[in-house]
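This report refers to the structure that appears directly beneath it.
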Amino acid sequence: MAEQNNDFDELLEGTSLGSRGARKLRARTPAFRARAVRSIAGSGWWHRYSDVLPSWYPTYIGLEDAASTIHAYEVHLVHGLLQTEAYARAVIRRSLRTASEADIGRHVAVRLERQQRLISENAPQVHVVLDESALRRPYGDREVMRDQLQHLIDMSELENVWLQIIPFSAGGHSGGACAFTILTFPEPDLSDVVYVEQLTSALYLEKRWEVDQYQTALWELLEDSLTPEKSRDLLQG
């Protein structure tokens with residue numbers, strides 16, 4: 001077992017995670033480790049941006065890129081897969097206040113590259129639940145927000161994208177202030193993974209009871225949400 005652990009450390013040495021990340025991944029299930037290793041040590045497009053990405057993020061991009069179904073809940077801003085370039089730039093500029101324009105541009109490029117899979121031949125099924133507050137909180141000027149709302153309308157018309165909005169009229173709900181994403185994979189031996197982003201790190205949850213709690217929260221959020229059609233009506237004003 002010790003020899004296997006050393007091999008695992010060596011495999012990730014020199015990647016964006018390094019030995020510390022290897023120790024964290026070693027505690028995961030074999031299936032999760034296999035997927036994570038392919039994501040981080042492989043030849044994914046995101047490795048071109050390793051100079052600006054936080055150490056914990058390439059794992060998520062690789063998992064998202066491999067997922068067949070993506071369920072996401074966002075409360076404060078539009079989900080990254082559904083952002084326009086201008087909106088993404090405004091969000092990233094706000095969160096990375098000391099970053100150079102060049103680095104901000106590379107972060108935006110990563111976000112736009114992620115979105116390409118939504119219109120690819122093997123596009124995943126994407127189901128996004130947005131709190132209405134995400135639509136009312138401005139990032140950028142009025143034109144940026146107007147274009148972002150129109151983009152949500154356009155994206156919601158794709159066959160593989162479902163967008164549902166929780167209106168203010170629903171009152172309080174089970175999602176609270178915690179945004180999360182549930183990733184499902186086509187391989188039967190891979191469990192679902194819940195991704196919860198934090199300020200300086202991220203959680204990757206795969207224990208059955210943890211995933212079940214987030215799935216229950218998702219279904220409760222859906223009960224409070226408008227239908228896709230009524231969500232589109234809200235966006236159209």
Side-chain angles (χ1 to χ4, degrees), residues 57 60 64 67 69-96 107-108 111 114-115 118 124-158 160-184 192-205 210-237:
Y57 200 50
Y60 173 73
E64 180 186 77
T69 304
I70 300 171
H71 288 95
Y73 166 63
E74 284 286 353
V75 61
H76 295 301
L77 69 164
V78 174
H79 191 274
L81 290 177
L82 301 179
Q83 294 178 6
T84 65
E85 180 175 353
Y87 181 93
R89 189 175 300 277
V91 169
I92 293 168
R93 183 177 288 122
R94 183 83 61 85
S95 61
L96 301 176
H107 278 279
V108 172
R111 197 153 298 182
R114 285 170 52 205
Q115 296 174 6
L118 298 188
Q125 302 296 311
V126 177
H127 195 164
V128 175
V129 179
L130 283 182
D131 190 280
E132 186 177 352
S133 61
L135 308 177
R136 307 305 179 190
R137 179 172 291 104
Y139 283 95
D141 57 25
R142 290 185 178 181
E143 182 179 0
V144 170
M145 291 303 299
R146 184 172 59 250
D147 290 347
Q148 177 61 68
L149 294 180
Q150 182 59 51
H151 184 64
L152 288 174
I153 295 171
D154 295 340
M155 294 299 292
S156 71
E157 294 175 346
L158 295 178
N160 60 309
V161 175
W162 288 268
L163 175 61
Q164 293 184 247
I165 297 170
I166 302 178
F168 288 143
S169 59
H173 50 76
S174 60
C178 177
F180 61 88
T181 300
I182 304 174
L183 303 173
T184 301
D192 291 355
V193 173
V194 176
Y195 172 77
V196 183
E197 189 169 315
Q198 300 174 325
L199 184 62
T200 59
S201 62
L203 297 177
Y204 295 92
L205 308 174
E210 293 175 321
V211 174
D212 285 346
Q213 284 197 345
Y214 278 89
Q215 287 179 333
T216 298
L218 177 66
W219 300 134
E220 292 175 352
L221 289 167
L222 290 173
E223 290 179 356
D224 292 331
S225 301
L226 299 173
T227 65
E229 294 74 21
K230 290 184 177 180
S231 295
R232 194 176 297 115
D233 289 343
L234 186 152
L235 290 168
Q236 292 172 336

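Formation of a donor-acceptor pair under 3.5 Å by the Thr69 side chain with backbone atoms of Thr184 is not found in this model. Although no hydrogens or angles enter the test, the distance criterion places no donor-acceptor pair under 3.5 Å between the side chain of Gln125 and the main chain of Val161. Counting only distance, with no hydrogens or angles, the side chain of Asn160 and the backbone of Leu118 share a donor-acceptor pair below 3.5 Å. The closest donor-acceptor contact from the side chain of Ser156 to the backbone of Ile153 lies under 3.5 Å. Within the 3.5 Å criterion, the main-chain N or O of Gln83 finds a donor-acceptor partner in the side chain of Gln115.
Interatomic distance, CG of Asp141 versus CZ of Arg146, reported as 8.5 Å (0.5 Å rounding). For the atom pair Leu152 CG and Leu135 CG, the distance stands at 6.5 Å (nearest 0.5 Å). Atoms CZ and CD, from Arg232 and Glu157 in turn, are 5.0 Å apart once rounded to the nearest 0.5 Å. In this structure, the separation between CG on Leu222 and CG on Leu218 is 4.5 Å, given to the nearest 0.5 Å. Rounding to the nearest 0.5 angstrom, the gap separating the CD atom in Glu210 from the CG atom in Asp192 is 12.5 Å. Annotation: the span from Tyr60 atom OH to Leu183 atom CG amounts to 5.0 Å, rounded to 0.5 Å.
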Give the intermediate values and the outcome of side-chain contact (heavy atoms from CB on, under 4.5 Å) for residues Thr84 and Gln150. CA-CA 10 Å; Thr84 65; Gln150 182 59 51; over 6 Å; no
side-chain contact (heavy atoms from CB on, under 4.5 Å) evaluation trace for Leu149 with Gln236: CA-CA 8 Å; Leu149 294 180; Gln236 292 172 336; over 6 Å; no
side-chain contact (heavy atoms from CB on, under 4.5 Å) between Thr181 and Ile70, worked out: CA-CA 7 Å; Thr181 300; Ile70 300 171; 3.8 Å; yes
Pair Leu163, Val126 - check side-chain contact (heavy atoms from CB on, under 4.5 Å), show working. CA-CA 8 Å; Leu163 175 61; Val126 177; over 6 Å; no
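You'll find the side chain of Phe168 reaches within 4.5 Å of the side chain of Asp131, heavy atoms only. Val129 places a side-chain heavy atom less than 4.5 Å from the side chain of Ile166. Annotation: side chain of Tyr73 is not in contact with side chain of Val128 (no heavy-atom distance under 4.5 Å).
Closest approach of Ala67 and Pro124 over heavy atoms only: O-CB, 3.5 Å. Here the shortest heavy-atom pairing between Leu82 and Gln148 reads O-NE2, 2.9 Å. Here the shortest heavy-atom pairing between Arg137 and His76 reads NH1-O, 2.9 Å. Taking both residues in full, the closest heavy atoms of Val75 and Ser133 are given as O-OG, 2.7 Å, listed atom of the first, atom of the second, then distance. Across all their heavy atoms, Gly140 and Ala90 have their closest contact at N-CB, 3.6 Å. Heavy atoms only, all atoms of each residue included: Val194 and Ile182 are closest at CG2-CG1, 4.1 Å.
Judged by distance alone, the side chains of Gln164 and His127 do bring a donor and an acceptor atom under 3.5 Å apart. Counting only N and O atoms by type, the side chains of Thr216 and Gln213 include no donor and acceptor under 3.5 Å apart.
Within 6.0 Å of CZ in Arg136 there are more than 12 heavy atoms belonging to other residues, nucleotides or ligands.
Using bins of under 30°, 30° to 60° and over 60° for the plane-to-plane angle, the ring pair Phe180/Tyr214 lands in the perpendicular bin. Classification of the Tyr87-Tyr139 ring pair by plane angle, with boundaries at 30° and 60°, yields perpendicular.
For residues 216-237, no pair satisfies ring pair (Phe, Tyr, Trp, His ring centres under 6.0 Å), with sequence neighbours left out.
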